[in-house]
Asks: 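One structure follows; several queries about it will come next.
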Amino acid sequence: MAAPTDLERWLDTEFLDLNTGLEEAYFAARTEIVYDVADLDRRRRVLRDDGAALVRRLTGAGGGDPYVLLGAVGLYLAACRRHEVAAPEDAQAVAGRLGLALGVAPRFVFAHLSTHNPASRTFTRLPDEATFVTGNGLAVLAYQRAAAALRRVPHVTAALAGSLFDEALAALDAVLAASRDLAARLDRDRFFLNVRPYVKPHPVCGVEYRGANAGDFAAVTEIDLALGLCDLADPFYQRIVAEKYPYVPPEDQRRLRTPPADLLAFVERHGRHTGKFLAVCRAHGAAYAFHHHRLVLPFLAGPAAAMPPDRLARVTASGPPLDVVLADLRRLVDLRAARDRPGTAHDRLARLRDTTGDMTDTTKAGSPRLPATSNL
Ligand code: HEM
């Protein structure tokens, strides 16, 4: 591992102290940010100016992983946005240069806090941030295990394919377990007031880049396509994937460019492992329905309802109004849970189920794998 830059040393010390202190002051006032308090204004300026001085000194010749370095600069820019102090344009330009060289959005994304974060860097020392990042990260790793298993299915013998479907099922069950654990442990107010504000959209050299979310990986898309639940010919879904592309790590971009084999067509054709295949579909739908009903609604939509209208307009990570984001996420639940709606895989899965005598309906609220309160 390359020696840390001065920027990285600062991120691991003063940056953490400044953010944590500011968050405690905001939380004590039970608000997202506190204006017009001289001491807090001073601390925000220190964060902006000390960070900018260190970012400017990066030459790109350090020999470290440039994607990790983009994460370091990105954390600084996201913290400036969170505390509503504009990062100087020449510091923004350093992120722009790194992003351009890598072919990714020039900002921090969730990968920089999880799968591409060898220094275990965070914004604050708050336990709630650690809970959020670890919970999301465990779900991401599990999605990646499921995608890896499904990717191999077309290449192995029929006898081995069954074992890969079992692996995918166990991994998707682990996504649901990690999400359940997160929902149980994360404090809603702390998340809303002190964690969520770091993943907001922000400009880099005049271009606004949308915020980070735990979906910025190829694995979820690979699973959608491998299971035949989503289709790149569907304009809605194509927009979701194309929009995600700049925000995933470079190796995931390669995966998004080469979609996996359609295993639904494969299972339909060969009539093998249909029961296991349907179980994997159920688990994928259940994990994503949980995301919507037990994470997005209670941790974001609920608290947002109490926000003043000017702040509500800017509450989502992606930027569009909350109701637009929620409608998109609801459509993704319909697709992933193969609900009985136009354009979903509902009818194909129902036919498959009929041919196998599998009586568990992937698509109905009574399915044992869907969360009890799901209104699907
Ligand atoms: C408190 C926890 C969470 C909240 C409040 C939350 C909220 C959201 C929101 C609001 C979006 C839409 C982004 C936007 O356009 O603004 C989103 C996207 C997404 N989140 Fe979460 N999320 C949470 C945890 C997780 C976890 C644990 C996972 C599992 C890896 C996850 C996976 C995704 C995926 C896959 C997307 C992108 C949409 C897609 O491609 O399907 N999220 N999340």
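All ligand and atom numbering here is 1-based and tracks the order in the structure. It should be emphasised that the depicted structure is a prediction, and the values quoted were computed from it without experimental measurement. As a basis for the values below, the full set of heavy atoms in this structure was taken, side chains included, without hydrogen atoms, waters or symmetry mates.
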Asks: With atom 2 (C) of ligand 1 as the reference point, say which of Y247, F132, F299 has the nearest heavy atom.
Replies: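 Of the listed residues, F132 has the closest heavy atom.
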Asks: With atoms numbered from 1 as shown, which atoms in ligand 1 lie under 4.0 angstrom from a non-hydrogen atom of A139?
Replies: 27 (C), 29 (C), 30 (C)
Asks: More than 12 non-hydrogen atoms from neighbouring residues, nucleotides or ligands closer than 6.0 Å to CZ on R348, yes or no?
Replies: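 Yes, the 6.0 Å shell around CZ holds more than 12 heavy atoms from other groups.
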Asks: When only distance counts, is K244 in polar contact with ligand 1, meaning an N/O pair under 3.5 Å?
Replies: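 Such a contact does occur with ligand 1.
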Asks: Taking atom 37 (C) of ligand 1 as the point of reference, which of T221, V175, N213 owns the nearest heavy atom?
Replies: N213
Asks: Can you see whether T124 engages E23 through a side-chain donor-acceptor pair at a distance of less than 3.5 angstrom?
Replies: no
Asks: Should Y288 be listed as contacting ligand 1, given a heavy-atom distance under 4.0 Å as the test?
Replies: yes
Asks: May I ask which of H291, R294, R336 has a heavy atom nearer to atom 21 (Fe) of ligand 1 than the others do?
Replies: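 Nearest heavy atom to atom 21 (Fe) of ligand 1 lies in H291.
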Asks: Under 3.5 Å, is there a donor-acceptor pair between the D224 and H284 side chains?
Replies: yes
Asks: Heavy-atom distance under 4.5 Å between the side chains of L176 and L172, does that happen here?
Replies: no
Asks: If I apply the N/O under 3.5 Å rule, does S179 come out as touching ligand 1?
Replies: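 Min N/O separation from ligand 1 is not below 3.5 Å for S179.
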Asks: Would N194 and R190 count as having a side-chain donor-acceptor pair, cut-off 3.5 Å?
Replies: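 Yes, R190 and N194 have a side-chain donor paired with an acceptor closer than 3.5 Å.
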Asks: Taking 4.0 Å as the limit for heavy-atom contacts, which would you say applies to N136 with ligand 1: side chain only, backbone only, both, or neither?
Replies: both
Asks: Do H346 and D334 meet the criterion of a side-chain donor-acceptor pair at a distance under 3.5 Å?
Replies: no
Asks: Report, in ascending order of atom number, the atoms of ligand 1 lying under 4.0 Å from any heavy atom of V325.
Replies: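 Near V325, meaning under 4.0 Å from one of its heavy atoms, ligand 1 has 12 (C), 14 (C), 15 (O), 16 (O).
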Asks: Between Y198 and R81, is there a side-chain donor-acceptor contact under 3.5 Å, judged purely by atom types and distance?
Replies: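 Their side chains do not contain a donor-acceptor pair, so the 3.5 Å distance test is not met.
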Asks: Which ligand 1 atoms are under 4.0 Å away from a heavy-atom of L186?
Replies: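 Counting atoms of ligand 1 from 1, those under 4.0 Å from L186 are 1 (C).
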Asks: Looking at side-chain heavy atoms only, is the closest gap between L264 and L227 below 4.5 Å?
Replies: no
Asks: Specify side chain, backbone, both or neither for L329, according to which of its non-hydrogen atoms lie closer than 4.0 Å to ligand 1.
Replies: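 L329 to ligand 1: side-chain contact only, backbone stays beyond 4.0 Å.
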Asks: Could you list which atoms of ligand 1 come closer than 4.0 Å to a heavy atom of Y143?
Replies: 29 (C), 30 (C)
Asks: Pick whichever of V333, L332, L300 has a heavy atom sitting closest to atom 10 (C) of ligand 1.
Replies: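 The residue whose heavy atom sits nearest atom 10 (C) of ligand 1 is L300.
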Asks: Please report the C-alpha distance between Y288 and H293 in whole Å, then the side-chain angles of each, then the deciding distance to 0.1 Å, and finally whether the ring-ring contact (aromatic ring centres under 6.0 Å, His included) criterion is met.
Replies: CA-CA 9 Å; Y288 202 67; H293 293 282; 10.0 Å; no
Asks: One residue to check: D328. Relative to ligand 1, which of side chain, backbone, both or neither has a non-hydrogen atom less than 4.0 Å away?
Replies: neither
